[in-house]
Protein chains: 2
Amino acid sequence: MEYMNTASTSAPPASEPAPAQEPRWLTDDQQRVWRTYLDAVTLLEDHLDRQLQRDAGMPHIYYGLLVKLAESPRRRLRMTELAMHAKITRSRLSHAIARLEKNGWVRREDCPDDKRGQFAVLTDAGLAVLKETAPGHVEAVRQAMFDRLTGEQQKALGEIMRIVAEGLQPTEAGADLPWLR
Amino acid sequence: MEYMNTASTSAPPASEPAPAQEPRWLTDDQQRVWRTYLDAVTLLEDHLDRQLQRDAGMPHIYYGLLVKLAESPRRRLRMTELAMHAKITRSRLSHAIARLEKNGWVRREDCPDDKRGQFAVLTDAGLAVLKETAPGHVEAVRQAMFDRLTGEQQKALGEIMRIVAEGLQPTEAGADLPWLR
DNA sequence: GAGCTCTCCTTGAATTTTTAACTACTCCGA
DNA sequence: TCGGAGTAGTTAAAAATTCAAGGAGAGCTC
């Protein structure tokens, strides 16, 4: 029995009517790759979450939000834009910004052009936290990943992840939204 | 300013009192790889979580717990062992198993050898859910990742992730616990 | 300019995860 | 066999995330 894969189990027939007849399992190698991927990703995210929670008082994703704001024109971004950049839902972002606002690291501002709109703006305090904690965070990322990989591997990883991300971009099937790359 | 990296920014001075001496930023290439990695991982986890929530009524990690139990000797594993396999804390596992127990997919059993111990046991209902939903899940994984990568890339990914996971294994510095590989 | 639809963002509740104890038991040594 | 230290697992509370609505403005059509 294999709930994740294993190519083994017989049958090669090709035509199919309904959704999932005779599933195409993963090969043993692919299964191993997949599990290793899950392990690595889980361990890494966990590691960085703890590192940032300890050193910056916020989870990894919140840190990422501050980084995106810091790199934006007037240290601000529309909520929807920020949500898309960060690959999270608007709901999640609303809650996150509310929390960061309580910390005094972000502030909301109304959008003059669109009364529905809101800008999330990085405050000076927010920028300060970033400056203080960025070195430690980069070091953690480096130690966990880049210091362990060859240049070739880093390049390959980038290409692989680009492909995976591209396939999942909510924009799907190259619809509109040209500004999403 | 770079809160994530960028090797560029000048200044080579070397002496400093506090913890992080002139941080070693990431190169532009590394930064790009890192961000692409984060995007891909976020999108993929999100995608699989929704897929499983929809088709199996549970988040990805819970599904993973059922898979591990299904592959274990008597469809059972000690709580601590399961937690280690799944790379999650015991606390998180306790909550997760409580939930799966409510669904009737897992049941707890006392360990006869150690009165502190508990086994998480996959029930027939749990096994049934797995059998029903595995094909759809594997298909999702395949479509999102394996169908898009060459054999070479799959192999490279496995190796890269193995290295990363190895570096973060809580066992750290090859301490004891030889059974953790 | 009324009505419809869509977009922007928020909100409350439910679910999940984290954090920090805490209970019960095992192990080990004096 | 007493006592201290460590292990297995749970739990309550806080924090974060998901889910399902909902309010309000923008935009379009007729």
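Residue numbers start from 1 in every chain, and the chains themselves are labelled A, B, ... in the order their sequence lines are given, proteins ahead of strands.
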Just the table, please: protein N/O against nucleotides 11-15 of chain D N/O, every pair under 3.5 Å.
unit_1	atom_1	unit_2	atom_2	d
D:dT11	O4	B:Ser91	OG	2.9
D:dA12	N6	B:His95	NE2	3.3

Q) Quick one: on DNA chain D, does A:Ile61 or A:Lys115 contact a more 5' nucleotide (nearest heavy atom)? A)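 Of the two residues, A:Ile61 wins.
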Q: With DNA chain D as reference, determine whether B:Leu93 or A:Asp113 sits nearer its 5' end, using the nearest nucleotide of each.
A: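 This one resolves to B:Leu93.
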Q.
Is there a continuous path of hydrophobic side-chain contacts, each under 4.5 Å between heavy atoms, that joins B:Met58 to B:Leu127?
A.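 Linked, B:Met58 and B:Leu127 end up in one cluster.
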Hey, does [X] reach any base, or is it just sugar-phosphate, or nothing, if we go heavy atoms under 4.0 Å?
| X | result |
| --- | --- |
| B:Arg54 | nothing |
| A:Asp114 | sugar-phosphate |
| B:Phe119 | nothing |

Of all heavy-atom pairs between [X] and [Y], which one has the smallest distance, and what is that distance?
| X | Y | result |
| --- | --- | --- |
| A:Arg78 | A:Asp114 | NH2-OD2, 4.0 Å |
| B:Pro59 | B:Arg99 | CD-NH2, 4.0 Å |
| B:Gly104 | B:Ala125 | O-CB, 3.6 Å |
| A:Asp49 | A:His60 | OD1-N, 2.7 Å |

(Q) Between A:Leu43 and B:Gln169, does the side-chain contact (heavy atoms from CB on, under 4.5 Å) criterion hold? Intermediate values first, please. (A) CA-CA 7 Å; A:Leu43 288 168; B:Gln169 215 63 239; 4.1 Å; yes
Return the value, rounded to whole Å, for the distance between atom [atom1] of [X] and atom [atom2] of [N].
| X | N | atom1 | atom2 | result |
| --- | --- | --- | --- | --- |
| A:Met58 | D:dA16 | CE | P | 11 Å |
| A:Arg78 | C:dT10 | CZ | P | 10 Å |
| A:Ile97 | D:dT17 | CD1 | C1' | 15 Å |
| A:Met79 | D:dA24 | CE | C1' | 16 Å |
| A:Arg50 | C:dT18 | CZ | P | 7 Å |

(Q) Let's test your reading of the model: under 3.5 Å, does the base of D:dT7 pair with the side chain of B:Arg116 as donor and acceptor? (A)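 Side chain to base: pair present.
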Should the pair [X]-[Y] be classified as a salt bridge under the 4.0 Å nitrogen-to-oxygen rule?
| X | Y | value |
| --- | --- | --- |
| B:Arg162 | B:Glu159 | yes |
| A:Arg24 | B:Asp147 | yes |
| B:Arg50 | B:Asp46 | yes |
| A:Asp124 | A:Arg75 | yes |

Q: Under the side-chain contact (heavy atoms from CB on, under 4.5 Å) rule, what do A:Leu52 and A:Tyr62 come out as? Steps first, then yes or no, please.
A: CA-CA 9 Å; A:Leu52 283 170; A:Tyr62 287 30; over 6 Å; no
Grab the N/O contacts between the protein and nucleotides 21-23 of chain C below 3.5 Å, and write none if there aren't any.
none

**Q.** the helix from C:dG1-D:dC30 to C:dA30-D:dT1: angle between end helix axes, five pairs per end, rounded to 10 degrees
**A.**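 The helix from C:dG1-D:dC30 to C:dA30-D:dT1 shows an end-to-end axis angle of 10°.
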